[in-house]
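This structure is a prediction, so every number in the text was calculated from the model and none was measured.
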Amino acid sequence: MNDAPEAHPSRLELASYRVRRERELSSLYATARSLTALGELDAVLESIVHHAHELIGTDFTYLSLLGTDGELTLKASEGTISPAFNHARVPSGTGVGGLVIATGAPAWVSNYLKAGDVPHDRTFDGLVVPEGMVALLGVPLLVGEEVIGVLFAADRTERPFEPDEVALLSAFADHAAIALNNARLYDESRAAYRTIERQVAMMERAQAVHESLARVVLTGGGADDIARLLVDHLQGAVAVFDRAGAVTAQCSPDPDNEPTAQRRSPDAVEQARQSGRWATTTDSTGLWHSAAAIQAGDTHLGALLLTRRQEPSPVDIRTLERAAQIMGLLILKETAVAEAEERVSGELLTELLVSAPPLTPAQRARAHARGIDLTALNVIVVAQSETKSVPEVSRHLYALSSEWKGLAGEHLGRAALLATTSDPARLAATVHGRFRQDLGSPVRVVAEAVTGHRWGPAFDIAGKCCDLMRILGVTDQGSTTEPYAMFALLFDTDRATDLHRFLDNVLTPLLAHDARRSTQLVATLSAYFGNAGNVTRTAAALHVHVNTLLKRLDRVDGVLGAGWRAPDRALQLQVAIRLHDLGAQLDQSRTVDGG
């Protein structure tokens, strides 16, 4: 009898335990089934926390997912009271969550802030106080052997967690992890599908634009047609830049009210040029500027610029890049045609400069096909630059040749233009001005009138005059040969005998004396005249003492006679020495240049 009263409470407790376990398991499987019906990741997170909160019956429940940096970030909660707690982040290896992740097993503390065996994080501990969290249980969310997060149940009073509670939350977490992983896969698949849809749309749109651009090129269109086509597709102002940065074409959706086309961004164009691809910038007015470089290998040919108020999408950028590629092909085609025309022009120019009159029927026919009357070509122009190559200068002359119904090209290492004009001086000044504008550097331009179709001699005179200008220190000028007429004997081959006779009559005694005695009388007189007869400056220029200079001048008296200082003889002697010096410099220049 004593045993009966003791056995009866045990049976009641066992029955109550069984009823409670059945209710918990029933609730567990019901909530697990409900989780499998959800697809959206956020909805699954909220549902997991809600059902766990009802199932375990603690004050509040929350779920944190594990990031790639090992940090736990709170993603959903129920029963919390502090807004700051809902943004909680727990660094790797700290807190109850750190223990769960490290072991892959549940962990709990009856009083979190007093737990000495739990690594604490000061920031998270600061969130615990306003939330009132005391007791905390964490169970892992496992996918296979991988922990993807932790499900937490917390109370605001100190207490232990019974094994049944831990087992129940762990079992629920196993189901939740599967649902959570499925939701993540579902979201990833939807994101991948949306990405594929966007990529297909981009490809179809880009293909349509590419076909339209190709038709522009095949039908003989140019930069203006490409700009208009891009405006239709991209709904913004479009500008086409050449390799020098000048605008060659532009178009806008609203030509009458064109604020976007007028405010271009050199920054975007320069950034695209430097990268060889594309660049996008914004300005203070809210406009977006997207530039795509026009490239041919490593050669920069220009840029396309889109300006509008909406940020460009990847499709827009891809379209702009495709247009730049097509524009590059168009430029290469135009360049090839221009180079062929330039080559034909240069070949005919060379024939005229090396052949003697009369003109052949073949030459006349080739010129007539280009709309040029050879009999009217009456001026030769030679251009020379210290900073630009001869081929580059020749190309610029060719670009100007049609304005004067002429021919341009390279001959004997010089850039030349045969033109038709009644004003050679104006032609030289105009060509010089164009060169300064296009090249942005000093250039010498010399024009010489042609008589009797003697283009070759006129070319020689203009070329030698160009060399003479360089020796005289003239670096940037457009002129005829007339201002240098006093030096004409130097570059007129027909008068070479006259030059030699003049120099022999005036300088031979001094040159012979220098050669025989190893003196420097000619050089001394050159410095003497160059310093206007000032003895002190002349001695300084020659780096000799004044007495030495006076002795040399006395020796000149002995060779030429004391009358050499008379005005007429001094002028003759001064001109002769100047011509002698320039002739020597010209000979040296031709030797260096390989002429």
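- Between M327 atom CE and F241 atom CZ the span is 12.5 Å, to the nearest 0.5 Å.
- Taking both residues in full, the closest heavy atoms of G409 and S394 are given as O-OG, 3.6 Å, listed atom of the first, atom of the second, then distance.
- In this model, a donor atom of one side chain and an acceptor atom of the other lie less than 3.5 Å apart for D476 and H432.
- Put simply, the side chain of R308 never gets that close to the backbone of A237: no donor and acceptor are under 3.5 Å apart.
- Two residues are said to be in side-chain contact when any heavy atoms from C-beta on lie closer than 4.5 Å; L400 and F435 meet this criterion.
- Residues passing the salt bridge (Lys or Arg N to Asp or Glu O under 4.0 Å) test with D514: none are found, sequence neighbours excluded.
- Minimum interatomic distance between A415 and V390 (heavy atoms only, all atoms of both residues): N-CG1, 3.9 Å.
- Applying the side chain to side chain donor-acceptor pair (under 3.5 Å) criterion to H453, with sequence neighbours excluded, gives no partner residue.
- T248 places a side-chain N or O within donor-acceptor distance of the main-chain N or O of V240, the cut-off being under 3.5 Å.
- Looking only at side-chain heavy atoms (C-beta outward), L377 and V450 stay at 4.5 Å or farther from each other.
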Quiz item: Between D373 and T375, is a side-chain hydrogen bond (donor to acceptor under 3.5 Å, both in side chains) present by the stated rule, with each step listed?
Solution: CA-CA 5 Å; D373 180 8; T375 62; 2.6 Å; yes
Quiz item: Can you list the steps and then say if L320 with L305 is a side-chain contact (heavy atoms from CB on, under 4.5 Å)?
Solution: CA-CA 8 Å; L320 200 62; L305 177 66; over 6 Å; no
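- In this structure, OG1 in T387 is found 7.0 Å from CG in L439, a value given to the nearest 0.5 Å.
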Practice problem: Under the side-chain hydrogen bond (donor to acceptor under 3.5 Å, both in side chains) rule, what do E270 and Q274 come out as? Steps first, then yes or no, please. | Solution: CA-CA 6 Å; E270 178 60 20; Q274 292 180 359; 2.9 Å; yes
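- From T481, atom OG1 reaches atom CD1 of I380 across 12.0 Å, with rounding to the nearest 0.5 Å.
- To the nearest 0.5 Å, atom CG of residue L352 and atom CZ of residue F459 are 12.5 Å apart.
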Quiz prompt | Chi angles and distances behind the side-chain contact (heavy atoms from CB on, under 4.5 Å) call for L525, L510 | solution = CA-CA 10 Å; L525 286 181; L510 291 173; 3.5 Å; yes
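- In this structure a side-chain-to-backbone donor-acceptor pair under 3.5 Å is present from R414 to G463.
- Within the structure, side-chain hydrogen bond (donor to acceptor under 3.5 Å, both in side chains) pairs that include any residue of residues 399-408 comprise E403-R434 (at least two apart or interchain).
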Quiz item: Going through the distances and angles, do T281 and H289 end up as a side-chain hydrogen bond (donor to acceptor under 3.5 Å, both in side chains)?
Solution: CA-CA 5 Å; T281 63; H289 307 274; 5.4 Å; no
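- In this structure, CG on L234 lies 8.5 Å from OG on S313, to the nearest 0.5 angstrom.
- In this structure, the side chains of I326 and L330 stay at 4.5 Å or more apart for every pair of heavy atoms.
- Side chain of Q363 to main chain of T360: a donor-acceptor pair is present (N/O by atom type, distance under 3.5 Å, no hydrogens or angles).
- Residues L301 and G328 approach most closely at CD1-O, 4.1 Å, considering heavy atoms.
- Legend: side-chain hydrogen bond (donor to acceptor under 3.5 Å, both in side chains) pairs involving residues 523-545, not counting sequence neighbours, sorted by first then second residue: T524-R552, S526-D581.
- With sequence neighbours excluded, the residues forming a side chain to side chain donor-acceptor pair (under 3.5 Å) with T280 are S290, listed by chain and number.
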Practice problem: Starting from the C-alpha separation in whole Å, work towards a yes-or-no answer on side-chain contact (heavy atoms from CB on, under 4.5 Å) for D224 and R228. | Solution: CA-CA 6 Å; D224 289 321; R228 281 193 294 271; 3.8 Å; yes
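- Annotation: Q520, atom CD; neighbour count of heavy atoms from other residues, nucleotides and ligands within 6.0 Å does not exceed 12.
- Contact check for R555 versus T519: side-chain heavy atoms found under the 4.5 Å cut-off.
- Screening residues 438-451 for salt bridge (charged side-chain N to carboxylate O under 4.0 Å, His left out), with sequence neighbours left out, gives E386-R444.
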Exercise. Might you work through the side-chain contact (heavy atoms from CB on, under 4.5 Å) test for V379 and L418, ending with a clear yes or no?
Key: CA-CA 6 Å; V379 175; L418 264 176; over 6 Å; no
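- The shortest side-chain heavy-atom distance between L521 and V559 falls under the 4.5 Å cut-off.
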Self-check item: Steps toward salt bridge (Lys or Arg N to Asp or Glu O under 4.0 Å) verdict (K464, D467)
Solution: CA-CA 5 Å; K464 291 176 181 178; D467 291 338; over 6 Å; no
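- The structure places CD1 of I294 at 13.0 Å from OG1 of T299, a figure rounded to the nearest 0.5 Å.
- Side-chain atoms of T480 never come within 3.5 Å of backbone atoms of A425 as a donor-acceptor pair (strictly under, hydrogens ignored).
- When all heavy atoms are compared, the tightest approach of G236 to V231 is O-CG2, 3.3 Å.
- Taking 4.5 Å as the limit, some side-chain heavy atom of S389 sits within range of a side-chain heavy atom of E392.
- The shortest distance between side-chain heavy atoms of R273 and V269 does not fall below 4.5 Å.
- Of the residues T282, D283, D316, the one that meets the side chain to side chain contact (heavy atoms under 4.5 Å, CB included) test with W288 is T282.
- Between the side chain of Q235 and the backbone N or O of D232 there is at least one donor-acceptor pair closer than 3.5 Å.
- Side-chain atoms of Q325 and Q295, non-hydrogen and from C-beta on, never get closer than 4.5 Å to each other.
- Between A272 and A291, the closest heavy-atom pair is CB-O, 3.6 Å.
- The minimum heavy-atom distance between T421 and N378, with the atom names listed, is O-ND2, 2.8 Å.
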